[in-house]
Amino acid sequence: MVIPEDRQLNIVVAVKLVPDTNADKRIDPQTRRLVRSAAETVLNPFDEYAIEAGLQLKEQLADGSSVTIVTMAPESGKEVVRKALAMGADRAVMLSDPAFAGSDVWATAYVLAAGIRRIGFDLVLTGTQSTDAITGELPGALAEYLGVPGLTYAREIHVAAGRVRVKRETDTGYQTLSAPLPALASITKSAAEPRFASLKGIMAAKKKEIAVLRLADLEIAQAVGGDGAKLEVTELTASPARAAGKTVTAADGNAGARTIVAFLKERNLL
Amino acid sequence: MKNVIAFIEHKNGRPRRVSLEAAGAARTVADQLGGTAHAVVVGGDAAAIAGELKAYPLDTIHVLADAAADGLIDPAVDALTTVALALGPSLVLVGNTMIGRDVGSRFAARVDAGLNADAVAIDVRDGRVSCVSPKLGGLVITTCVFRSEYGVAAIRPNVFAATPGSGSAQIVAIEPAGRAYAVTLEEDVEVAAPELGVEEASVVVSGGRGLGGPQPFTTLLKDLADAFGGAVGASRAAVDAGWISYGHQIGQTGKTVSPALYIAVGISGAIQHKVGMRTAATIVAINKDPDAPIGAFADLLVVGDAFAIVPELVSAVRDARAVHV
Ligand SMILES: Cc1cc2nc3c(=O)[nH]c(=O)nc-3n(C[C@H](O)[C@H](O)[C@H](O)COP(=O)(O)OP(=O)(O)OC[C@H]3O[C@@H](n4cnc5c(N)ncnc54)[C@H](O)[C@@H]3O)c2cc1C
């Protein structure tokens with residue numbers, strides 16, 4: 001599919017709402033659930049890079065291209081989504097249905113793909129991982145369900161002449177990859193420092209549309225949510241909290257080094 | 001699920017260590033399932049890699065020797081799909097690495113397979129495969145059972161044993177998918193010399209703002225990491241200051257590591273750093289502040305000046321290890 005140069009780009013940024021990690025989260029050993037007071041919902045920090053990249057692309061293209069935020073989350077997350085709108089996104093679509101609760105990575109990718117197809121897109125942007133599940137597997141699965149090329153771990157992204165071109169981080173350097181639109185790219189932190197919402201942006205966001213799509217609005221053939229999950233969580237235990245060890249004040253560099261070496265030998269690490 | 005397939009990543013003609021660990025795990029799990037253990041290798045060097053893999057306890061090594069596939073995800077996904085569909089319901093093991101996650105997740109979506117990220121243990125009970133993985137930065141440990149016919153587990157580097165075995169694997173060629181790929185690789189640039197990544201190293205030596213500049217990362221810390229045969233990591237403060245590249249960042253917005261030993265030098269121990277390293281077996285901190293938050297979860301906090309302690313530590317570690325080797 002060739003997209004003419006003058007075509008406006010429909011950029012869709014998929015985001016996730018996650019518990020805030022600024023607070024040291026605790027699990028209640030009885031209920032095995034997150035202690036709520038310490039876990040407010042925020043926009044996944046990784047996704048802010050994708051939003052910023054989307055906004056910058058829109059600004060560079062300066063042709064009326066748009067940025068749409070999409071998330072699969074309960075409607076209670078609406079105000080968190082508004083933060084993305086305050087950064088400058090044009091509108092948001094929430095995929096909210098009790099039937100989506102309990103989704104694993106597979107179901108999340110599957111439902112998001114259905115939502116994004118419904119919205120219509122030329123370029124889908126995502127973060128590289130979420131701070132709660134940290135699977136890093138959503139971008140690839142989403143690209144596959146959308147049936148488009150997936151360019152992941154982009155630290156630079158450009159769109160020209162119907163193609164998207166990225167610098168993809170590798171363990172020892174980078175690759176330059178390109179693909180025809182429509183496509184998906186996941187954006188790393190090095191690509192774009194997220195902007196702070198301006199007062200004007202915050203005001204404008206109050207009037208922006210946050211549409212809600214339910215299961216029935218989407219073309220979904222398979223069971224989703226907890227029923228459709230391909231993984232069943234059979235056990236969930238709080239990992240033992242790390243206790244403080246010992247503190248030793250070193251008289252000088254040599255004493256400090258000796259303390260460490262003795263400790264490592266004790267633990268068979270040396 | 002009956003059979004197990006290890007997807008083999010490679011670089012400069014050598015398989016990645018985590019892929020050898022995947023091969024080892026493939027054998028163990030396949031035996032528990034009463035199935036067979038396989039490896040899939042794709043790329044220009046695939047034949048040579050397969051030769052090296054013969055030292056591992058696999059039944060079949062499937063090879064797509066095609067230099068055009070180098071650096072791309074889609075040809076690997078196609079090859080994996082061809083092998084998996086021919087074998088029937090199976091578990092695919094990829095490394096929990098940038099490439100492993102991409103290949104694993106695309107394959108999973110293609111065959112509607114469950115995806116288990118960051119597996120640290122794999123078990124079979126009543127013929128069903130389950131994976132153990134830390135979640136929420138190691139705060140909770142989950143056990144998940146696959147409900148799907150095919151499954152993908154991204155294994156955490158450094159956890160599973162890569163034990164060489166029988167060496168009787170059969171090498172077979174994979175039928176090329178024969179299609180054109182939409183993604184074009186325009187260049188593949190190596191900036192740093194290939195080195196052990198923080199996720200794979202069994203010892204990680206990380207530096208923070210306390211190191212005051214870029215230089216200690218390539219001298220002090222590098223020397224200490226080298227003395228252990230480990231890798232250099234960093235806090236976000238150090239990465240944001242431009243002292244070391246993002247690939248070394250440990251924490252919430254960086255990498256999650258669980259080495260046998262984590263040494264934090266001039267790092268305060270903010271919660272966002274902690275979630276990336278709290279599952280290390282042993283944590284040692286060097287900090288001039290006796291009240292640094294890292295003291296609350298390090299096994300040993302040595303209070304003192306990093307610039308005085310680390311050079312002494314480098315020679316002490318070199319000496320200690322020289323005696324053993
Ligand atoms: C959304 C979000 C995501 C984040 N993600 C991450 C992440 O992924 N990883 C991460 O690390 N941080 C992350 N942070 C940042 C985190 O909150 C801290 O700011 C950061 O970890 C601090 O880095 P530091 O410990 O190197 O620096 P500081 O907190 O400034 O600590 C420096 C330490 O060095 C010690 N020191 C100074 N001089 C010496 C010396 N000569 N010898 C010995 N010790 C010395 C000091 O006593 C101090 O404890 C994130 C923050 C946010 C808000």
Side-chain angles (χ1 to χ4, degrees), chain A residues 21-22 24-25 27 45-46 104-106 109 131-137 140-141 143-145 149 151-153 169 171-180 189-190 230-239 242 244-250 252-254 256-257 259-261 263 267 269-270, chain B residues 71 98 101-102 105-106 108-110 113-117 134-136 138-148 182-192 194 197 246-247 252-253 256 261 271-272 275 278 282 284 290 295-304 308-309 312-313 316 320:
Chain A
T21 36
N22 267 316
D24 201 349
K25 291 185 299 291
I27 296 280
F46 284 88
D104 60 355
V105 190
W106 173 84
T131 51
D132 56 347
I134 327 190
T135 72
E137 286 164 338
E144 187 69 28
Y145 280 120
L151 307 174
T152 52
Y153 303 100
E169 309 237 12
D171 288 312
T172 48
Y174 65 89
Q175 295 177 322
T176 304
L177 296 165
S178 73
K189 155 185 174 172
S190 321
K230 307 287 183 196
L231 278 181
E232 183 187 333
V233 182
T234 52
E235 272 172 60
L236 185 142
T237 46
S239 48
R242 282 200 93 94
K246 47 181 179 180
T247 298
V248 177
T249 302
D252 58 23
N254 187 267
T259 304
I260 295 170
V261 166
F263 174 80
R267 293 205 168 197
L269 287 162
L270 260 183
Chain B
M98 292 199 273
R101 287 188 289 263
D102 273 8
S105 60
R106 283 205 86 124
R110 199 167 291 177
L115 257 175
N116 195 109
K135 287 271 143 68
L136 291 163
L139 188 69
V140 293
I141 310 285
T142 58
T143 304
C144 294
V145 174
F146 287 102
R147 285 174 170 173
S148 46
V183 177
T184 311
L185 175 65
E186 298 179 358
E187 55 176 346
D188 204 339
V189 181
E190 301 243 326
V191 175
Y246 172 61
Q252 187 195 320
T253 42
T256 305
L261 172 63
I271 176 66
Q272 295 91 352
V275 297
R278 74 201 301 170
T282 295
V284 171
F297 58 95
D299 299 294
L300 173 67
L301 166 63
V302 174
V303 181
I309 296 173
E312 299 278 350
L313 186 56

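So that the names make sense, note that chain A is the first sequence line, chain B the second, and so on, each numbered from 1.
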Which atom names give the shortest non-hydrogen contact between [X] and [Y], and what distance separates them?
X: Ala109(B); Y: Ala141(A); answer: CB-O, 3.6 Å
X: Gly140(A); Y: Arg106(B); answer: O-CG, 3.4 Å
X: Phe263(A); Y: Thr282(B); answer: CE2-CG2, 3.6 Å

Considering only heavy atoms from C-beta outward, does the side chain of [X] approach that of [Y] to under 4.5 Å?
X: Lys230(A); Y: Leu115(B); value: no
X: Val303(B); Y: Val248(A); value: no
X: Val140(B); Y: Thr237(A); value: no
X: Leu313(B); Y: Val261(A); value: yes

Open item on the list: Between Thr142(B) and Glu235(A), do the side chains contain a donor N or O and an acceptor N or O under 3.5 Å apart?
Closed with: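 No, no side-chain donor-acceptor pair sits under 3.5 Å.
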Open item on the list: Please rank Pro149(A), Ala250(A), Ser178(A) by heavy-atom pairs under 4.5 Å with chain B and give me the top one.
Closed with: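 Among Pro149(A), Ala250(A), Ser178(A), the one with the most close pairs to chain B is Ser178(A).
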Open item on the list: Below 4.5 Å, heavy-atom pairs only: which of Leu231(A), Thr247(A), Leu177(A) has the largest tally toward chain B?
Closed with: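 Of the options given, most contacts go to Leu231(A).
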Side-chain ([X]) to main-chain ([Y]) donor-acceptor, under 3.5 angstrom:
X: Thr176(A); Y: Glu186(B); answer: no
X: Arg242(A); Y: Phe297(B); answer: yes
X: Tyr174(A); Y: Val189(B); answer: no

So, taking the atom named [atom1] in [X] and the one named [atom2] in [Y], what distance separates them when rounded to the nearest 0.5 Å?
X: Ile260(A); Y: Ile309(B); atom1: CD1; atom2: CD1; value: 6.0 Å
X: Asp252(A); Y: Glu312(B); atom1: CG; atom2: CD; value: 7.5 Å
X: Glu169(A); Y: Met98(B); atom1: CD; atom2: CE; value: 6.5 Å
X: Trp106(A); Y: Asn116(B); atom1: CH2; atom2: CG; value: 16.0 Å

TODO: Against chain A, label Ala182(B) side chain, backbone, both or neither, depending on which of its atoms sit under 4.5 Å from a heavy atom there.
DONE: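 Both backbone and side chain of Ala182(B) come within 4.5 Å of chain A.
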Task: Portion of Tyr246(B) that has a non-hydrogen atom of chain A nearer than 4.5 angstrom - done: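 Side chain only.
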Task: Short N-O contact, Arg110(B) and Glu144(A), less than 4.0 angstrom - done: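 Judged by the 4.0 Å cut-off on N to carboxylate O distance, Arg110(B) and Glu144(A) do form a salt bridge.
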Open item on the list: Below 4.5 Å, heavy-atom pairs only: which of Ala316(B), Ser148(B), Gly304(B) has the largest tally toward chain A?
Closed with: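 Most heavy-atom pairs within the cutoff with chain A belong to Ser148(B).
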Open item on the list: Please rank Ile141(B), Val302(B), Asp188(B), Asp102(B) by heavy-atom pairs under 4.5 Å with chain A and give me the top one.
Closed with: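 Most pairs with chain A among the choices: Ile141(B).
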Task: Per-residue contact mode, Ala109(A) against chain B (heavy atom under 4.5 angstrom) - done: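 Neither; nothing under 4.5 Å.
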Task: Derivation and outcome, salt bridge (charged side-chain N to carboxylate O under 4.0 Å, His left out), residues Arg267(A) and Asp299(B) - done: CA-CA 11 Å; Arg267(A) 293 205 168 197; Asp299(B) 299 294; 3.7 Å; yes
